[in-house]
Amino acid sequence: MFSLQPRFLIPLAAAFAFLGLTLFVLSGRTFAFDTSLVLLFRETGDPAKLLGPPWLPEMMRDVTALGSFVGLGFMTIAAGLVLWLCGYRRLAVGLAANVVAATLVSTGLKIAVGRERPDIVEHSALTFTASFPSGHAFLSAVTLLSIAGFIGLASRRQDITRLCIGLAWVLIVLIGVSRIYLGVHWPSDVLAGWCLGVAWSSLAVALLGRGMAAMEAPAGTGAPLVR
């Protein structure tokens with residue numbers, strides 16, 4: 001029976017938040033915090049200059065690269081191979097299909113919304129698509145939270161699940177912040193990406209992941225990923 005528990009309420013709230021942000025952006029209105037947060041990472045009076053020591057922008061470019069197609073693709077392949085070699089082949093295929101589907105949806109949403117990238121500062125990284133929602137934020141949330149969820153299901157250990165989710169969120173937040181820091185996304189783009197990513201990954205783990213894990217590892221007979 002459905003109950004109002006955090007594992008249901010959080011993805012539901014995230015989905016509604018994403019819908020609200022999307023409708024607001026489509027209406028042509030703007031968020032006041034978008035401009036102020038982008039400028040927060042720039043020198044006062046000189047928006048062309050990023051805050052921090054010279055190594056910080058380079059570090060942020062390294063972090064943002066982890067949320068690229070290459071970075072997330074490599075993580076998906078690595079996690080999928082681990083699941084496959086441990087006998088969780090349905091989970092491995094499901095993880096790959098989940099990430100590919102999210103990538104296609106991300107591209108479609110960007111085309112449909114067509115929001116322009118921030119024009120108040122110089123971009124410190126190359127961009128090739130529209131701004132909303134942030135593909136780095138959305139896809140990093142989908143990929144990393146799905147990997148954490150699928151690994152947790154395979155291991156059947158709460159401590160491993162919590163560790164994977166915690167590490168995933170550290171990287172998700174860093175990637176999202178790096179997009180704002182580099183001036184290539186409005187904060188609302190990143191927030192929308194996180195919201196959709198949380199809702200998507202929660203649904204993927206609850207429906208796709210749990211179903212496949214149950215088929216591959218019936219209670220009392222399956223071998224966990226970690227002994």
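One-based numbering along the sequence shown. Remember, it's a predicted structure, so these values are computed and weren't measured experimentally.
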If I take atom [atom1] from residue [X] and atom [atom2] from residue [Y], how far apart are they, to the nearest 0.5 angstrom?
{"X": "Leu50", "Y": "Tyr181", "atom1": "CG", "atom2": "OH", "answer": "4.5 Å"}
{"X": "Leu167", "Y": "Arg162", "atom1": "CG", "atom2": "CZ", "answer": "13.0 Å"}
{"X": "Leu51", "Y": "Leu56", "atom1": "CG", "atom2": "CG", "answer": "8.5 Å"}
{"X": "Ser178", "Y": "Met59", "atom1": "OG", "atom2": "CE", "answer": "9.5 Å"}
{"X": "Trp200", "Y": "Ser106", "atom1": "CH2", "atom2": "OG", "answer": "9.5 Å"}
{"X": "Arg89", "Y": "Leu85", "atom1": "CZ", "atom2": "CG", "answer": "8.0 Å"}

*asked:* Whether Arg117 and Asp34 form a salt bridge (side-chain N of Lys/Arg under 4.0 Å from carboxylate O of Asp/Glu) is what I want to check.
replied: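 No, Asp34 and Arg117 are not salt-bridged.
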
*Should Asp189 and Arg179 count as an ion pair when the cut-off is N to O under 4.0 Å?*
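Between Arg179 and Asp189 there is no salt bridge, as every charged N stays at least 4.0 Å from the carboxylate O atoms.
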
Side-chain donor or acceptor of [X] paired with backbone N/O of [Y] under 3.5 Å:
{"X": "Thr35", "Y": "Ala32", "answer": "no"}
{"X": "Thr143", "Y": "Ser140", "answer": "no"}
{"X": "Lys110", "Y": "Ala130", "answer": "yes"}
{"X": "Thr107", "Y": "Thr103", "answer": "yes"}
{"X": "Ser27", "Y": "Phe24", "answer": "yes"}

*Is there side-chain contact between His185 and Phe132, with heavy atoms separated by less than 4.5 Å?*
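No, their side chains stay 4.5 Å or more apart.
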
_Residues forming a side chain to side chain contact (heavy atoms under 4.5 Å, CB included) with Leu171, sequence neighbours excluded_ = Leu66, Met75, Leu144, Ile175

*asked:* Using a 6.0 Å cut-off, check whether atom CG of Leu104 has over 12 heavy atoms from anything other than its own residue.
replied: yes

_Other residues, nucleotides and ligands only: do more than 12 of their heavy atoms fall within 6.0 Å of CD on Glu43?_
yes

*For the residue pair Ala154 and Leu91, what are the closest heavy atoms and their distance?*
CB-CD1, 4.1 Å

*Shortest non-hydrogen contact from Leu95 to Leu83?*
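Looking at all heavy atoms of both residues, the closest pair is CD2-CD1, 4.3 Å.
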
